[in-house]
Asker: 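One structure, as C-alpha cells, below. Some questions next.
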Amino acid sequence: MAHTDAVEAGRQTRSLRSAVVVNPVKVDDLDALRHTVEDTLATAGWPAPLWYETTIDDPGRGQTEQAVAAGVDVVFACGGDGTVRACISALVGTEVALAVLPQGTGNLLAANLGLSTDLAAGLAVAVERGRRLLDVGEVDGQHFAVMAGMGFDAQMLAATSETTKRRIGWPAYVVGAVRHLRDRPMRVSIRLDDQPPLTRRARSVLVANVGRLQGGVTLLTEAAPDDGYFDIAVLSPRTLRHWLALGWGVLRRRDRVPRMEEFRARRVEITSNRAQPRELDGDLIEPGTTLQAQIHRRALWLCVPRPEQAPDLTDDAEAAAERGEQLVERSGTSEREE
C-alpha cells in the first residue's frame, strides 16, 4: 500500500483531531463561531478542536505550525484569503489536511471549492473526509493554491475597498476593475520552463493552478489542480471593446477567448518593464518587476466536497451544503436534549 493510501485509510477509521486557525477581525461573533464549530464536530464524533487566533504580525503560518506540532489531522482556516494562504504555507509537504471555513466577502480557494461563505458546508466537507492532494505554487517563498497574478488583476484588488466588499460582496471587485480598464499595458517577457522568452504587451498575466475566479466564473477550463502544471493566461485588451469581447468570451466558454492567450508550464518567470502590483490567491503581495512561480506537485491535502479526480473541485458542493445544514441542526438538537 502506498504511503498516501495508508494515511488516507487511517483517517477513515478513527476520530480526527483538528485545530481552527481564525482571523478574529473577519468574524462578527467569535463566540458563536466557536459554539457552532465545536458542537458540530462533537456531533460528528470528533474531539474538541484546538483554537488559534491570527495576529497582525502572524496571519496564520505560525499558528498552523503549532497545530501541526500538536498532532492534529485537520486545520480549519477561518478567515480571508490571507489567512488561508498562511495556513497553506505551513501545511505544504505535511500529512495534515486543510479545511476552509471562509469568512468575509471573497475567498478564492473557497470559491473554487464551491463553498462561498457557507460555514455549514465547510464543516460537512471536513467531517465527510473527502480528501484531495493538490499542487501548490510558490512565489518568493510564499505559497498559493489557486493562482498568482501580475498587473490588472492585482490593481483591481488594490482598488477594491474593504467597506465596499462588506456591503455588496464579490461584485465590489467589478467596481475596482472599472477604475483600471483604461490603464496602459505593461511590456512583459514571459519564460515558460526552459523555452525562449515570449514578449507581450499585456494588461495581466495569471499563473493558475485551478481556473475559477470570484463569482464562480471559470477563466481557464483546462486547469487541473493536480496535474503538475500551471495554466497561464496572458490578457491583452487595450480598449473597452476588447474588454467586453474578452469578458463575453469567458462567460460563453468559447474555445478561443479574444485577447487571451493560454500556455502551460511547470515554472514561469514574468518580467515587466516597470514595477507592477502582484497577488497570490486574491491576497496582495509586494509590487515588483518580476514574478517567478514554481509548482510543487501534490503537496497539499485539501478537504474537498468529493475526492474524485474531476478537475472541478466544486463537484457535490451544493449537496454538501445541505448535509452541513442538517449536521449543524442535529448538533443544536442534541444540545437542547441535554
Side-chain angles (χ1 to χ4, degrees), residues 75-89 91-92 97-119 121-126 128 130-139 143-149 153-154 156-157 165 169-171 173 206-233 250-251 253 262 264 279-283 293 295-321 324:
V75 170
F76 291 94
C78 186
D81 290 310
T83 306
V84 174
R85 196 165 60 79
C87 292
I88 288 171
S89 289
L91 294 178
V92 166
L98 173 70
V100 180
L101 299 180
Q103 297 291 314
T105 55
N107 183 283
L108 203 51
L109 183 55
N112 276 274
L113 288 168
L115 299 183
S116 183
T117 57
D118 194 331
L119 175 63
L123 290 168
V125 165
E128 291 174 358
R131 299 289 187 271
R132 190 82 178 261
L133 264 176
L134 263 63
D135 301 335
V136 174
E138 181 181 350
V139 172
H143 297 88
F144 65 96
V146 180
M147 64 180 63
D153 57 304
M156 175 188 67
L157 293 172
K165 285 194 291 184
W170 69 261
Y173 293 109
L206 295 168
V207 181
N209 186 38
V210 288
R212 193 181 301 270
L213 305 176
Q214 294 292 0
V217 176
T218 301
L219 179 69
L220 292 157
T221 57
E222 299 301 317
D226 52 8
D227 63 355
Y229 284 90
F230 291 126
D231 285 71
I232 299 99
V250 169
L251 292 174
R253 296 315 322 147
E262 297 181 41
R264 303 184 81 227
E279 57 91 6
L280 303 179
D281 283 357
D283 189 32
I295 201 161
H296 299 279
R297 181 146 193 218
R298 296 169 65 83
L300 174 72
W301 283 104
L302 181 67
C303 298
V304 298
R306 297 181 71 180
E308 285 82 5
Q309 299 304 305
D312 192 345
L313 295 174
T314 66
D315 282 359
D316 198 44
E318 291 186 9

Asker: Of all heavy-atom pairs between Ala97 and Arg131, which one has the smallest distance, and what is that distance?
Answerer: CB-NE, 3.6 Å
Asker: Determine the interplanar angle of the His143 and His296 rings, folded into 0 to 90°, and report it as parallel if under 30°, tilted if 30 to 60°, perpendicular if over 60°.
Answerer: tilted
Asker: Working to the nearest 0.5 Å, report the span between CZ of Arg298 and CG of Asp135.
Answerer: 8.0 Å
Asker: Can you tell me how far the CG atom of Leu206 sits from the CD1 atom of Ile232, to the nearest 0.5 Å?
Answerer: 10.0 Å
Asker: Rounded to the nearest 0.5 Å, what separates atom CG in Leu280 from atom CD in Glu138?
Answerer: 10.5 Å
Asker: Is any side-chain heavy atom of Leu98 less than 4.5 Å from a side-chain heavy atom of Leu109?
Answerer: yes
Asker: From Trp301 CH2 over to Leu91 CG, what is the distance, rounded to the nearest 0.5 angstrom?
Answerer: 13.0 Å
Asker: How close do Arg212 and Ala111 get, counting heavy atoms only, and between which atoms?
Answerer: CD-O, 3.2 Å
Asker: Check this for me, if you would: do Arg264 and Asp227 make a salt bridge, where the nitrogen-to-carboxylate-oxygen distance has to be below 4.0 angstrom?
Answerer: yes
Asker: Quick one: do Asp281 and Arg85 make a salt bridge, cutoff under 4.0 Å?
Answerer: no
Asker: I need the Leu213 CG to Asp153 CG distance, nearest 0.5 Å.
Answerer: 9.0 Å
Asker: Where do Asp81 and Gly282 come nearest, in terms of heavy atoms and distance?
Answerer: OD2-O, 3.7 Å
Asker: What's the separation between atom CG in Asp231 and atom CG in Leu219, rounded to the nearest 0.5 Å?
Answerer: 10.0 Å
Asker: Begin from the C-alpha positions of Val125 and Leu113 and carry the test side chain to side chain contact (heavy atoms under 4.5 Å, CB included) through to its verdict.
Answerer: CA-CA 10 Å; Val125 165; Leu113 288 168; over 6 Å; no
Asker: Taking all atoms of both residues into account, what is the closest heavy-atom pair of Val210 and Ala145, and its distance?
Answerer: CG2-O, 4.1 Å
Asker: For residues Phe144 and Val139, determine if any side-chain heavy atom of one lies less than 4.5 Å from a side-chain heavy atom of the other.
Answerer: yes
Asker: Would you sort out whether Ile295 and Val136 count as a side chain to side chain contact (heavy atoms under 4.5 Å, CB included), showing the intermediate values?
Answerer: CA-CA 6 Å; Ile295 201 161; Val136 174; over 6 Å; no
Asker: Which atoms form the tightest heavy-atom contact between Gly122 and Leu101, and what is the distance?
Answerer: C-CD2, 3.7 Å
Asker: Provide the closest heavy-atom pair for Ala126 versus Phe76 in the form atom of the first, atom of the second, distance.
Answerer: CB-CE2, 3.5 Å
Asker: Can Met147 and Val207 be said to form a side chain to side chain contact (heavy atoms under 4.5 Å, CB included), step by step?
Answerer: CA-CA 5 Å; Met147 64 180 63; Val207 181; over 6 Å; no
Asker: Answer yes when Arg132 and Asp226 have at least one side-chain N-carboxylate O distance shorter than 4.0 Å, and no when they do not.
Answerer: yes
